[in-house]
2 protein chains.
Amino acid sequence: MTATPFPVSEIVATRRPHRKDAARNYDALLAAAREAFAEHGAEASLEDIARRAAVGIGTLYRNFPTRRDLFESVYADEVNALCRAAVELADREPWEALTTWLDGFAGYMVTKRAIREALNDESDIFIACRESMYAAGGPLLERAQKAGVARADMDFGDLLRMVAGITATAFEDDAQRDRVLAIALDGVRTGR
Amino acid sequence: MTATPFPVSEIVATRRPHRKDAARNYDALLAAAREAFAEHGAEASLEDIARRAAVGIGTLYRNFPTRRDLFESVYADEVNALCRAAVELADREPWEALTTWLDGFAGYMVTKRAIREALNDESDIFIACRESMYAAGGPLLERAQKAGVARADMDFGDLLRMVAGITATAFEDDAQRDRVLAIALDGVRTGR
DNA sequence: GTTGAACCGGAGGTGTGCCTCCGCTACAGT
DNA sequence: ACTGTAGCGGAGGCACACCTCCGGTTCAAC
């Protein structure tokens with residue numbers, strides 16, 4: 001009874017235009033947006049995004065009529081990548097699989113600030129993305145819990161928010177971020 | 001050899017105007033700014049802040065010539081409150097004292113988003129505030145470490161960033177936030 | 001009560017972002 | 001090669017934020 005982990009990619013793919021130049025612009029916009037959202041959060045300037053993509057502002061609006069459309073597309077892309085990553089961890093040790101995936105969650109999230117803001121968003125697409133992500137990563141936590149290496153009194157949402165919060169914080173350097181994340185995960189681990 | 005924990009309050013107090021109406025406006029601005037920064041982060045609209053304080057925009061600029069001046073004042077206020085709280089915890093059990101103070105850190109920080117953005121700021125006042133805060137809270141961690149109830153391989157900066165990150169995240173409700181924070185702090189605790 | 005200095009508010013100039021609209025461009029199908 | 005159409009870019013109107021400036025007001029000292 002596993003929900004298919006990839007209901008989202010199709011939504012995004014559908015919107016991609018057919019013509020060659022149009023498709024190129026579409027991709028450039030997505031890349032620019034990912035960058036801008038990572039830098040300035042969900043309210044990054046749309047005109048700045050168009051500039052980064054070397055594309056007219058009109059083109060941006062044709063592809064993504066609202067800021068939300070653009071944001072959702074970027075978000076969906078990231079989620080898809082994470083879902084794919086989860087599948088490849090099926091044969092690892094439970095605890096290692098979980099933390100490896102969470103590292104990916106922390107790293108892949110170029111849209112860090114934005115992702116945090118979206119974690120409680122209630123729109124259809126975000127709900128779909130969350131479900132997709134839970135379907136992919138949730139089993140990793142469950143497996144660790146059944147193996148007795150992760151505490152049972154927390155759910156996957158708790159874990160994601162913990163990691164998202166810590167990764168989105170400003171640290172002195174990456175080493176400090178990793179250290180703090182490891183400490184917090186120690187709180188999740190049991191039977192040491 | 002304890003640094004005095006209150007070098008900051010004077011800086012702020014000095015700027016407060018003498019005249020009665022002026023002082024009232026000053027206070028209203030600080031309160032409005034605290035609220036707005038909490039809601040929209042460090043780039044909240046200054047005109048909105050003036051509106052919330054029921055004060056002309058000119059008055060805002062007279063009291064706080066730059067956005068940074070205003071932000072620093074709010075920040076300093078919060079830090080002062082935290083320093084005072086630390087003193088009152090001297091007679092509690094080491095672990096309880098630490099977590100109680102961290103709860104205060106998490107709660108008092110109405111300027112949550114802002115505080116996270118400021119944790120790595122390098123201006124004079126922010127450095128002073130950080131030192132002040134470290135001077136107040138740092139001993140609580142050290143005491144817990146010496147008592148063997150907190151892990152020794154982390155410093156106070158690590159701890160603050162961990163708590164700040166988690167607190168600044170969007171949760172479903174306060175219960176979830178508390179739960180996640182407690183789990184992360186379990187990672188800090190030793191000898192259970 | 002008088003008075004002058006401190007303080008007030010908001011009009012208004014400048015910049016920037018949002019979004020629409022439309023004349024021009026270049027692709028794809030024949 | 002031709003051509004119709006999907007797609008392009010950016011000018012421009014609107015809204016809002018930043019910040020300055022100054023005529024009018026209010027406090028407090030005498």
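In what follows, chains carry the letters A, B, and so on, assigned in the order in which the sequence lines appear, proteins first and then strands, with residues in each chain numbered from 1.
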**OP:** Walk me through it: do E72(A) and R68(A) pass the test salt bridge (charged side-chain N to carboxylate O under 4.0 Å, His left out)?
**Re:** CA-CA 6 Å; E72(A) 285 175 348; R68(A) 171 165 286 268; 3.5 Å; yes
Original post:
Between R67(B) and R62(B), which is nearer to the 5' end of DNA chain D once each is assigned its nearest nucleotide?
Top reply: R67(B)
Original post:
Taking CG from N63(A) and P from dG9(D), how many angstroms apart are they, rounded to a whole number?
Top reply: 10 Å
Subject >> Shortest side-chain distance from I57(A), nucleotide among dC19(D), dA28(C), dG10(D) >> reply: dG10(D)
**OP:** Consider the side chain of Y61(A), meaning its heavy atoms from C-beta on, and name the nucleotide among dG9(C), dA17(D), dC18(C) that approaches it most closely.
**Re:** dC18(C)
Subject >> Interatomic distance, E47(A) CD vs dG12(D) C1' [rounded to whole Å] >> reply: 11 Å
**OP:** Round to a whole Å and report the spacing from CZ of R16(A) to C1' of dA6(D).
**Re:** 16 Å
Original post:
Should D21(B) and R24(B) be marked as a salt bridge (charged side-chain N to carboxylate O under 4.0 Å, His left out) after you check the CA-CA gap, both sets of side-chain angles, and the distance that decides it?
Top reply: CA-CA 5 Å; D21(B) 54 346; R24(B) 195 172 352 111; 5.9 Å; no
Original post:
Which listed nucleotide (dC8(D), dC19(C), dC8(C)) is nearest to the side chain of N25(A)?
Top reply: dC8(D)
**OP:** Would you mind reading off the distance between K20(A) atom NZ and dA28(C) atom C1', rounded to a whole angstrom?
**Re:** 10 Å
Subject >> Over 12 non-hydrogen atoms of neighbours within 6.0 angstrom of CG in D153(A) >> reply: yes
**OP:** Starting from P on dC18(C), measure out to CD on E43(A) and report it in whole angstrom.
**Re:** 10 Å
**OP:** Could you state the atom-to-atom distance from CG of L46(B) to P of dT20(D) in whole Å?
**Re:** 12 Å
Original post:
Do D69(B) and T66(B) have side-chain atoms, one donor and one acceptor, less than 3.5 Å apart?
Top reply: yes
**OP:** Take atom CG of D69(A) and atom P of dC18(C), then tell me their distance rounded to the nearest Å.
**Re:** 15 Å
Original post:
CD of E96(B): more than 12 outside heavy atoms within 6.0 angstrom?
Top reply: yes
Subject >> First encountered from the 5' end of DNA chain C, between V55(B) and D21(A) >> reply: V55(B)
**OP:** Let me know the distance between CG of L60(A) and P of dG9(D), rounded to the nearest Å.
**Re:** 11 Å
Subject >> Among dA17(D), dC19(C), dG9(C), the one nearest T59(B) by side-chain distance >> reply: dG9(C)
**OP:** Confirm from the modelled atom types if R19(B) and dA6(C) form a donor-acceptor pair under 3.5 Å, side chain to base only.
**Re:** yes
Original post:
D48(A) or A23(B): which one's nearest nucleotide on DNA chain C is closer to the 5' end?
Top reply: A23(B)
Original post:
Between R24(B) and P65(B), which is nearer to the 5' end of DNA chain D once each is assigned its nearest nucleotide?
Top reply: P65(B)
Original post:
If only side-chain N and O atoms of S45(B) are considered, is one of them under 4.0 Å from the OP1 or OP2 phosphate oxygen of dC16(D)?
Top reply: no
